[in-house]
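Before any comments, here is the structure.
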Amino acid sequence: MAGTPAPTRDVAEQPIRDAATVIVLDRNAQGGPSVLMGQRGASAVFMPSKYVFPGGAVDAGDAQVRLAGELPPRTSALLAAEPRNGSQVTPLALAAAALRELAEETGLLTGPPGPAPEGWDHYAGAGLAPDASALIYMFRAITPPGRPRRFDARFLLLDAERLHGDRHDFSAACDELSHLHWVPLPEARALDLPFITEVVLAEVASLLAGAGDGPLAPPPTVPFFDNRLAVPRFKRIG
């Protein structure tokens, strides 16, 4: 119709990008079980000033990365079986994105001596190959409509004992996250957090309680906050 203004793109129509987040858990920290967190910048478009876990969007090259250790069978099966919503992302790409983002945002690495993937300068400098064999898939959440960025984030847990070198040395981190530090679980929940991070921390505490002094085991099902539509839905994967 003549005179009708052209439609504008609303923030609610932002595309949903596949993403991976890493919850690094130190069960033997001096202040009790602790997680690694950092603060996003005040000027960041997405979640400004919030404390978050390391992570970010899957890059195109992540699907081609060769890992020294493959995902655990349970984690791989859960990632492969989850609702795809049209995405072609693979478990390998999600694992590679998780380890790449961890290296870029914190400088922390996990893996044995070996060739690094092309462009993975942190690993190349240390002479290490990334290893996904200890990652536990424990949570999934899609950013609700109306946000300036939207992600389909898979949260993967990594035991800090699998890290290479000094876990308190963040000198090789980029500047995307500030105030990187290990936070005891009770203190973490008092930080300025996104709502979904509070929920994930509760899941981490539950996983710890179930493990006791034994090894951490994947949960029988993975909680999934599906916010693709205006009305959120809660599901379980597995």
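Values in this document were obtained by computation on a predicted structure and should not be read as measured data. Start at 1 with the first residue, then count along the sequence.
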Check your understanding: Is a side-chain N or O of His168 found less than 3.5 angstrom from the main chain of Asp166, in a donor-acceptor match?
Key -> no

**Study point:** Pairing residues for Glu176 by the salt bridge (charged side-chain N to carboxylate O under 4.0 Å, His left out) criterion, not counting sequence neighbours
**Key:** Arg40

Revision key, fill the gap. Of all heavy-atom pairs linking Leu92 and Ala63, the shortest is CD2-O, 3.3 Å

Revision key, fill the gap. Taken in chain and number order and not counting sequence neighbours, the residues that satisfy salt bridge (charged side-chain N to carboxylate O under 4.0 Å, His left out) with Arg233 are Asp226

Check your understanding: Do Pro130 and Leu109 have side-chain heavy atoms sitting under 4.5 Å apart?
Key -> no

Exercise for review: Kindly compute the distance separating CG (Leu185) from CG (Leu25), expressed to the nearest 0.5 Å.
Suggested key: 6.5 Å

Exercise for review: Taking all heavy atoms of Glu198 and all of Leu193, pick out the closest pair and write down the distance.
Suggested key: CG-CD1, 3.8 Å

Check your understanding: At their closest point, which heavy atom of Val22 faces which heavy atom of Ala98, and how far apart are they?
Key -> CG2-O, 3.2 Å

Point to revise | Neighbour count >12 (heavy atoms, 6.0 Å) for atom CZ, Arg66 | key: no

**Study point:** ring pair (Phe, Tyr, Trp, His ring centres under 6.0 Å) against Phe155, all qualifying residues, sequence neighbours excluded
**Key:** Phe139

Point to revise | Pairs flagged by side-chain hydrogen bond (donor to acceptor under 3.5 Å, both in side chains) wherever residues 109-120 is involved - sequence neighbours left out | key: none

Check your understanding: Okay, side chain of Thr21, backbone of Phe53: is any donor-acceptor separation there less than 3.5 Å?
Key -> no

**Study point:** side chain to side chain donor-acceptor pair (under 3.5 Å) against Asp159, all qualifying residues, sequence neighbours excluded
**Key:** none

Practice item. Search all heavy atoms of Pro194 against all heavy atoms of Val52 and return the closest pair with its distance. Key: CG-CG1, 4.0 Å

Practice item. Could I get the full list of ring pair (Phe, Tyr, Trp, His ring centres under 6.0 Å) partners for Tyr51, not counting sequence neighbours? Key: none

Check your understanding: Are Glu105 and Arg100 close enough for a salt bridge, meaning some N to O gap below 4.0 Å?
Key -> no

Check your understanding: Hey, is the main chain of Ala57 close enough, under 3.5 Å, to the side chain of Arg17 for a donor-acceptor pair?
Key -> no

Study note, to complete from the structure: Taken in chain and number order and not counting sequence neighbours, the residues that satisfy side chain to side chain contact (heavy atoms under 4.5 Å, CB included) with Ala188 are Val35, Met37, Val183, Leu201

Considering only distance and modelled atom types, tabulate donor-acceptor pairs under 3.5 Å from the side chains of residues 203-225, sequence neighbours left out.
from	atom 1	to	atom 2	distance (Å)
Thr221	OG1	Arg236	NH1	3.1

Exercise for review: Provide the closest heavy-atom pair for Ala202 versus Arg189 in the form atom of the first, atom of the second, distance.
Suggested key: CB-NH2, 4.0 Å

Exercise for review: Kindly write out the residues that satisfy salt bridge (charged side-chain N to carboxylate O under 4.0 Å, His left out) with Glu187, not counting sequence neighbours, or none if the list is empty.
Suggested key: none

Check your understanding: Backbone N or O of Ser34 within a donor-acceptor pair of the Asp26 side chain at under 3.5 Å?
Key -> no

Review point. Checking Thr106 side chain against Leu102 main chain: does a donor-acceptor pair fall under 3.5 Å?
Key: yes

Study note, to complete from the structure: Sequence neighbours excluded, the answer for side chain to side chain donor-acceptor pair (under 3.5 Å) partners of Tyr123 is none

Point to revise | Heavy-atom donor-acceptor pair, His164 side chain to Pro112 backbone, under 3.5 Å | key: no

Review point. Would Arg162 and Ser133 count as having a side-chain donor-acceptor pair, cut-off 3.5 Å?
Key: yes

Review point. Can you check whether Leu156 reaches Thr75 side chain to side chain, under 4.5 Å on heavy atoms?
Key: yes

Exercise for review: With sequence neighbours excluded, tell me which residues meet salt bridge (charged side-chain N to carboxylate O under 4.0 Å, His left out) with Asp121.
Suggested key: none

Exercise for review: Give a yes or no on whether a salt bridge exists between Arg154 and Asp152, defined as a side-chain N under 4.0 angstrom from a carboxylate O.
Suggested key: yes

**Study point:** Which residues share a side chain to side chain contact (heavy atoms under 4.5 Å, CB included) with Ala129, sequence neighbours left out
**Key:** Ala68

Exercise for review: Write down the atom of Asp131, the atom of Leu99, and the distance for their closest heavy-atom approach.
Suggested key: O-CD1, 3.5 Å

Practice item. Report yes if the side chains of Val231 and Leu229 come closer than 4.5 Å at any heavy-atom pair, otherwise no. Key: no

Review point. Mind checking whether Tyr137 and Ile237 have side chains closer than 4.5 Å, heavy atoms only?
Key: yes

Check your understanding: Do Asn227 and Thr143 have side-chain heavy atoms sitting under 4.5 Å apart?
Key -> no

Exercise for review: Could you tell me whether the side chain of Asp62 and the main chain of Asp59 form a donor-acceptor pair under 3.5 Å?
Suggested key: yes

Exercise for review: Start with the C-alpha distance between Val24 and Leu108, add both sets of side-chain angles, then the distance that settles side-chain contact (heavy atoms from CB on, under 4.5 Å), and finish with yes or no.
Suggested key: CA-CA 10 Å; Val24 191; Leu108 299 181; 5.7 Å; no

Exercise for review: Decide whether Ser87 and Asp18 meet the rule of one side-chain donor and one side-chain acceptor closer than 3.5 Å.
Suggested key: yes

Review point. Do the non-hydrogen side-chain atoms of Arg150 and Ile142 ever get within less than 4.5 Å of each other?
Key: yes

